[in-house]
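Here the structure comes first, spelled out in structure tokens, and everything after it is commentary.
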Amino acid sequence: MSNGFDVAERDFKERPMQRALSVSRMTGNKSTFPDWYQAIVREADMAEVSPVRGSMIIKPWGYGVWERIQQTMDRRIKEMGVDNAYFPLFIPLSFFAKEAEHVEGFAKEMAVVTHHRLKNIDGKLQPDPDAKLEEPLIVRPTSETIIGDAFSRWIKSYRDLPMKINQWANVVRWEMRTRLFLRTSEFLWQEGHTAHVSREDALASTLQALEMYREFSETVLAMPVIAGEKPENERFPGAEATYSIEAMMQDGKALQAGTSHYLGTSFSRAQNIRYQSDSGDLEFCHTSSWGVSTRLIGGVIMTHGDDDGLRLPPAIAPRQIVVVPMLRGKPEDAEVLAFAEGLVKALHEKFALGEPIRALLDTKDQKSSDKRWNWVRRGAPIIVELGPRDAASGQVTFMRRDNLRDGDKVQSQAMSRDDFVDAAPGLLAAIQQTLFEEAKASLDANIRGDLTTFDQVAEYFGKVSDEEEETSAFKGWVRASWSRPTGEALDAVEQRLKGFKLTLRNAPMNQPSSFGPCVFTGEPGVEEILIGRSY
RNA sequence: CGGAGUGUGGCUCAGUCUGGUAGAGCACCGCGUUCGGGACGCGGGGGUCGCAGGUUCGAAUCCUGCCACUCCGACCA
């Protein structure tokens, strides 16, 4: 601090340290990560529980993050040659009956519409028995069936292929247990659906989407992930192959942050999606589908959040630079405001991360210290505080959210206004980079690759009782060779892992050329698989 | 749907055992003093104590039933 406010500085230091958030990630040596997560969602103004069970209200700041995700990903989707469209929320029940495995996988968790009118019966508003639907409608849990139905009409010739469609929509799955952003009854997502002539093309499309998710996650969300193929038991119902990106949260658990499925011809057979080839034969299409959801926001929170609240990567921060004027109801306020307005205007003309800088002058009639802490909690990447002396001397005082404190003390920097405006794009890019590197270092440091037997894995993670979970949670993942068992042998593996609350995450895309013995069976290994606890 | 726990102003909770007509801190509103930083004083608004019955002169408190939420399992983006 070179701006010489010695007296106040001293007072500040003498105060006990306070964090901006009401709950820390750890309390003593006990993990309070779930409580911390709930606190951050609420206190960073991201979302709140709604009157409807398992559903959330996404508040403006949280929705702003989703809009940023939409905008930046939509550009990438279009670059893949995929067009947006919109399909109905309601899907006829019979559509699900067409693909047996698919309906089996989803049957237990669908919202069903059975009536089309309400009636006041004995003073109680209820579904009108006379208004029962002939065929119940399902509130979409995913749209393979209704989009497949459209594809079957749209696709006639090999010249219509590939067909690539995406929709941004809400879906409903009647989950038993819900958590804001991570698993809610209704959530927002994008779902891409493609149809192709050959297996190779469809698989290429599946992997292209997966790679897009990986790149998006790492460069936009600053969230490092491992892309790979899900084992057989974790496949999407009806899919031939399911791929995922897996992110590691700060408690060491895995979050499946995006999925991409190669569906083979099972859906096209069920829904008669056929094309006439150049030789005149009728052939079934090979299809793919892929999606990411508002769960990504939960991932960002649990990847970047700290004990002061959220830390948003600048690429998805609705406001990247927030200017808090120190107003005191005195004549010099006007100068401070004018100076702040000029600063915001100048920032808006600059570009950072390929887009105009999003700056905000916070003029809310509220104590400036409260405003500052609110923006710290919300995770605005750069918070600028401007007082009369800054205005008079043409200086800017600011703090970086990615590096808020020096020890217990909040650290701020001062710069001339013009230098700050010039430096802003670089600062935002640096914050984006720092957040990624921090998370990447943590991911890399928490994957163990030296365990070769199940006993070692079991010992490492430890048997989990409910009591123990808190302290044994920060184990990260194990990457080990396995023989890729299928069927009952795979079920057996799943059961063994279950005793340790472990699951198979995915087999990473980049594999070595040789493998040790299978960690489960001791048979020759054929690939490496990630093992960990998950959300 | 099984196991455990919890429901008291926006948030965190006390009060429940031993019934007497609702409290604290933070947040919010007003006035004042402060103020280069999460300040303080005084005053104020806000709760049918999850819901419905019951016992009682009287119920947040006791009894019965129900509901909701949280955590753990089954399910899952």
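Throughout, a chain's letter reflects where its sequence line sits, starting with A, and its residues are numbered from 1. All heavy atoms count here, side chains included; hydrogens, waters and symmetry mates do not.
With B/rA77, B/rG73, B/rU12 as the candidates, the nucleotide lying closest to the side chain of A/K501 is B/rG73. When distances are taken from the side chain of A/Q38 to each of B/rC35, B/rA77, B/rU70, the shortest belongs to B/rU70. Among B/rA39, B/rG73, B/rC35, the nucleotide with an atom closest to any side-chain atom of A/S369 is B/rA39. Set against B/rC71, B/rA39, B/rC35, the side chain of A/R328 has B/rC35 as its closest nucleotide. For A/R183, taking side-chain heavy atoms from C-beta onward, the closest of the listed nucleotides B/rC76, B/rU70, B/rG73 is B/rC76.
Atom CG of A/D45 is separated from atom C1' of B/rC11 by 13 Å (rounded to the nearest Å). Rounded to whole angstrom, the span from the NZ atom of A/K364 across to the P atom of B/rC28 amounts to 8 Å. As a whole-Å value, the separation of A/Q495 CD from B/rA74 C1' is 11 Å. If you measure from atom CG of A/D35 to atom P of B/rU6, you get 16 Å, rounded to the nearest angstrom. Distance, A/R235 CZ to B/rC75 C1': 19 Å, rounded to whole Å. One can place CZ of A/R173 at 10 Å from P of B/rC76, the figure rounded to the nearest angstrom. For the pair A/R179 CZ and B/rC75 C1', the interatomic distance rounds to 16 Å; values are reported in whole Å. If you take CZ of A/R140 and C1' of B/rA77, they are 15 Å apart, rounded to a whole angstrom.
Only the P atoms considered, B/rG15 is 15 Å distant from B/rU61, to the nearest whole Å. For B/rG30 and B/rC66, the P atoms lie 48 Å apart once the distance is rounded to whole Å. With C1' as the reference atom, B/rG50 and B/rU16 are 16 Å apart, rounded to whole Å. For B/rU6 and B/rC63, the P atoms lie 14 Å apart once the distance is rounded to whole Å. Nucleotides B/rC62 and B/rG20 place their C1' atoms 14 Å apart, quoted to the nearest Å. With P as the reference atom, B/rC69 and B/rC51 are 16 Å apart, rounded to whole Å. The gap from the P atom of B/rA59 to that of B/rC49 amounts to 11 Å, rounded to the nearest Å. The separation of B/rG54 from B/rG43, taken at their C1' atoms, amounts to 43 Å, rounded to a whole angstrom.
Within 4.0 Å (heavy atoms only), A/K371 reaches no atom of the nucleic acid at all. Among the heavy atoms of the strands lying under 4.0 Å from A/L182 is at least one base atom, whether or not backbone atoms are also near. Heavy atoms of A/A20 sit under 4.0 angstrom from at least one base atom. Residue A/T503 is out of contact with every strand shown, counting any heavy-atom pair closer than 4.0 Å.
Here the shortest heavy-atom pairing between A/R311 and A/D306 reads CD-OD2, 3.4 Å. Listed here is the closest heavy atom pair of A/L118 and A/P127: CD2-N, 3.8 Å.
Cation-pi contact between A/K475 and A/F461: absent, since separation from the ring centre below 6.0 Å together with deviation from the ring axis within 45° is not met.
A distance-only check finds a donor-acceptor pair linking the side chain of A/E191 to the backbone of A/S143 [under 3.5 Å]. Looking at A/R173, its side chain does come within 3.5 Å of a backbone N or O of A/P141 through a donor-acceptor pair.
Where stacking is scored as ring centres under 5.5 Å apart with planes under 30°, A/F187 registers as stacked on the base of B/rA77.
B/rC40 and B/rG32 make up a base pair, with Watson-Crick or G-U wobble contacts both under 3.5 Å. For B/rG53, the paired base is B/rC63 (Watson-Crick or G-U wobble, both distances below 3.5 Å). With both pairing distances under 3.5 Å, B/rG46 is matched to nothing as a Watson-Crick or G-U wobble pair. When both distances must be under 3.5 Å, the Watson-Crick or G-U wobble mate of B/rG25 is B/rC11. If you check B/rG73 for Watson-Crick or wobble pairing at under 3.5 angstrom, you find it paired to B/rC1.
For A/E240 and A/S266, the side-chain atoms include no donor-acceptor pair closer than 3.5 Å.
The side chain of A/K367 places an N or O atom within less than 4.0 Å of a non-bridging phosphate oxygen (OP1 or OP2) of B/rA39.
Salt bridge status for A/R25 with A/D251: absent, with no side-chain N to carboxylate O gap under 4.0 Å.
Nearest-nucleotide positions on RNA chain B place A/E43 closer to the 5' end than the other of A/G291 and A/E43. Nucleotides of RNA chain B nearest to A/R295 and A/E385 differ in position, and the one nearer the 5' end is that of A/E385.
None of A/V49, A/T294, A/V41, A/T178 except one satisfies the side chain to side chain contact (heavy atoms under 4.5 Å, CB included) rule with A/M56; the exception is A/T294.
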